[in-house]
Amino acid sequence: MKIGILTSGGDCPGLNAVIRGIVLKGIKVHGHEFVGFRDGWRGVVEGDIMDLPRQMVRGISKQGGTILGTSRTNPFEGNGGPEVIKAHMDRLGIDAMIAIGGEGTLAAARRLTDAGLKIVGVPKTVDNDLDATDYTFGFDTAVQIATEAIDRLRTTGESHHRCMIAEVMGRHVGWIALHAGMATGAHAVLIPEQKTSMDQIVEWVQEAHDRGRAPLVVVAEGFVPDHKDSPHSQRGLDAFGRPRLGGIADQLAPEIEARTGIETRATTLGHIQRGGVPSSFDRVLATRLGMAAVDSVVEERWGTMVSLKGTEIEHVPFEAALGNLKTVPQHRYDEASILFG
């Protein structure tokens, strides 16, 4: 069997480990042949591929990014569509596809599967917001990067007796902010799931300052203060028409400084959280998911994705992951908020 692999959407640490896991098990156990589609759905729509022999994946599990390239191409727009993609697969002799990506990628894969294409999925997102899986690879690395960066912010904040605000990724969910905030001992963690007033934020900052601490605030990019209706965005729209978020920390800093008199600085970590080498946890998880995806192909589990449940890998329908975002539950935020102020 000849299998095509694609990585689509935002890059994240662990993608290469998935590719390696797929190719190694597919060749060693099943004798399959593999090709990679260049730049995600763009390569699928245009039939742009590269061969993936075993030597191509040697040693890549520790590399960040993706050797295949990625894009935010919509496979149903322009010259795309299931008929075009099917024609390319027939021409290239590709029997099935493994799509590695987040909600948008898996939603497209589901539509193409419904149209008769043979596709299985591997969930990927640093935000950890995909339902039907306990963790996605890339999340652990993003939290570790954020933690290290915030630790550095904290030392300079303490030296100058400043309030430091760290803005991390999290469009709709606050998993990175919650975990990084708890790990660094933040005095406030602000996430999209929780409407929080400026009065409460200022109270937490002032409490920490009154105890002689340099206040530390961790905020997710999608956080919406209770006096606002939507997340802060000044960067236009992405390829799917969604606002590019960012800048909420810069909005909060002058307000906190004005209300408390404490010198306040904001730092946005941005794409730093998606770059660099994956953590050992993400390398192992990504490799296991890749190997399980090959099993999905062999067992013809079209329209499903591999999923982490506890410590075991399971196979679940695309629909299970696409119905709802996996948000931070109230009890997890309440647990963290004990540490605020």
Side-chain angles (χ1 to χ4, degrees), residues 1-8 14-38 40-41 43-44 47-63 66-70 82 85-101 105-106 108-110 112-124 132-133 136-138 278 282-318 320-321:
M1 184 181 289
K2 188 174 183 179
I3 303 169
I5 306 171
L6 67 113
T7 53
S8 179
L15 285 168
N16 286 324
V18 178
I19 297 168
R20 175 176 173 271
I22 292 170
V23 173
L24 288 186
K25 183 170 185 179
I27 292 175
K28 292 183 67 176
V29 177
H30 302 290
H32 292 325
E33 180 184 355
F34 292 91
V35 296
F37 290 100
R38 291 187 175 94
W41 290 118
V44 177
D48 186 7
I49 64 172
M50 58 187 286
D51 290 331
L52 288 177
R54 182 170 178 175
Q55 59 266 30
M56 276 288 293
V57 301
R58 185 169 52 201
I60 67 170
S61 63
K62 61 181 179 292
Q63 296 178 17
T66 165
I67 64 170
L68 300 180
T70 187
I85 295 171
K86 180 66 164 57
H88 283 309
M89 292 178 67
D90 290 343
R91 175 177 59 83
L92 298 167
I94 298 173
D95 301 294
M97 286 192 290
I98 298 176
I100 310 167
T105 301
L106 297 179
R110 180 183 65 177
L112 291 171
T113 301
D114 291 343
L117 277 68
K118 298 177 179 178
I119 307 176
V120 300
V122 179
K124 171 240 50 164
T133 185
T136 49
F137 67 88
D282 280 340
R283 295 182 203 188
V284 173
L285 175 57
T287 300
R288 293 182 68 204
L289 290 172
M291 292 192 294
V294 172
D295 295 337
S296 294
V297 172
V298 171
E299 296 163 7
E300 300 185 350
R301 295 175 179 266
W302 315 125
T304 69
M305 74 170 199
V306 288
S307 166
L308 180 69
K309 294 291 187 179
T311 59
E312 300 301 318
I313 305 296
E314 298 182 358
H315 306 265
V316 300
F318 285 145

Do the side chains of Met56 and Met50 get nearer than 4.5 Å, heavy atoms only?
yes
Quick check: closest heavy atoms across Ile94 and Gly4, and the distance to 0.1 Å?
CG2-N, 3.7 Å
Rounded to the nearest 0.5 angstrom, the NZ-OG1 distance for Lys124 and Thr66 is 9.5 Å
Take His315 and Ser296 through the test side-chain hydrogen bond (donor to acceptor under 3.5 Å, both in side chains) and record every step on the way to the result.
CA-CA 8 Å; His315 306 265; Ser296 294; 2.7 Å; yes
If you measure from CG on Leu6 to CD1 on Ile119, what distance do you get to the nearest 0.5 Å?
8.0 Å
Shortest non-hydrogen contact from Val294 to Gly26?
CG1-CA, 3.9 Å
Is a donor on one side and an acceptor on the other found under 3.5 Å between the side chain of Ser8 and the backbone of Gly101?
no
Going by heavy atoms in the side chains, are Ile22 and Ile100 under 4.5 Å from each other?
yes
Any Leu52 side-chain heavy atom under 4.5 Å of Leu68 side chain
yes
Do the side chain of Thr7 and the main chain of Gly69 share a donor and acceptor less than 3.5 angstrom apart?
yes
Nearest heavy-atom contact between Pro82 and Ala115 is CB-CB, 3.7 Å
Which of Val120, Ile5, Ile85 passes side chain to side chain contact (heavy atoms under 4.5 Å, CB included) with Met97? It is Ile85
Minimal heavy-atom distance between Phe137 and Pro123, with the atoms involved, is CE2-O, 3.2 Å
Using 0.5 Å steps for rounding, measure from the CD1 atom of Ile67 to the CG atom of Asn16.
5.5 Å
Here the gap from Leu15 atom CG to Gln63 atom CD, rounded to the nearest 0.5 Å, amounts to 12.0 Å
Between atom CG of Leu24 and atom CZ of Phe34, what is the distance when rounded to the nearest 0.5 Å?
9.5 Å
Side-chain donor or acceptor of Asp95 paired with backbone N/O of Lys2 under 3.5 Å
yes
How close do Ile27 and Arg54 get, heavy atom to heavy atom, and via which atoms?
CD1-N, 3.8 Å
With the side chain counted from C-beta on, respond yes when Trp41 and Thr105 share a heavy-atom pair under 4.5 Å apart, and no when they do not.
yes
Indicate yes or no: at least one non-hydrogen side-chain atom of Arg110 is less than 4.5 angstrom from one of Leu106.
no
Over 12 foreign heavy atoms within 6.0 Å of NZ, Lys25
yes
Rounded to the nearest 0.5 Å, how far apart are CG of Leu285 and OG1 of Thr136?
8.0 Å
Gly138 backbone acceptor or donor facing Asp282 side chain under 3.5 Å:
yes
Between His30 and His32, what is the ring plane arrangement, given parallel below 30°, perpendicular above 60°, and tilted in between?
parallel
Backbone N/O of Ile49 and side chain of Arg38: donor-acceptor pair under 3.5 Å
yes
Between Ile313 and Ala292, what is the shortest heavy-atom contact and its length?
CG2-CB, 3.5 Å
